[in-house]
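The structure appears right after this line, and notes come after that.
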Amino acid sequence: MGKLSILKELWGFLKVRKRWWLAPIVIVLILLGALIIFSQQSSVAPFIYTLF
């Protein structure tokens, strides 16, 4: 529940402050984090490391 509240708070900040240019940056960071987490637990890790 803690992680979800952080995302809700971030969304509220973007909405109130009209900082829509931050949204793509946040989305890319979340996707890269998910890619790193999922690659550590699978056999796809050697193929992902060649991308970076």
Side-chain angles (χ1 to χ4, degrees):
M1 187 168 152
K3 293 178 185 177
L4 189 58
S5 66
I6 291 172
L7 291 176
K8 284 183 182 179
E9 188 174 334
L10 179 66
W11 178 254
F13 171 78
L14 291 176
K15 215 163 82 169
V16 170
R17 302 282 185 188
K18 306 285 192 242
R19 305 281 184 193
W20 297 114
W21 57 272
L22 282 174
I25 297 170
V26 171
I27 291 170
V28 167
L29 287 175
I30 290 172
L31 289 176
L32 281 175
L35 179 68
I36 290 171
I37 289 171
F38 289 131
S39 69
Q40 290 178 352
Q41 300 173 356
S42 69
S43 61
V44 182
F47 300 110
I48 291 178
Y49 289 132
T50 59
L51 294 175
F52 297 106

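Values reported hereafter were calculated over all heavy atoms of this structure, with side chains retained and with hydrogens, waters and symmetry mates removed.
Side-chain heavy atoms closer than 4.5 Å link hydrophobic residues (I, L, V, M, F, W, Y) into clusters, and following such links, even through other members, never connects Leu10 to Val16. Hydrophobic clustering (ILVMFWY, side-chain heavy atoms < 4.5 Å, transitive): Trp20 and Leu29 are in one cluster. Residues Leu14 and Trp21 share a hydrophobic cluster, clusters being chains of Ile/Leu/Val/Met/Phe/Trp/Tyr side chains in contact below 4.5 Å.
For the side chain to side chain contact (heavy atoms under 4.5 Å, CB included) test with Val28, the passing option among Val26, Leu31, Leu32 is Leu32; the others fail.
When every heavy atom of Leu22 is checked against every heavy atom of Phe13, the shortest pair comes out as CD1-CE2, 4.2 Å.
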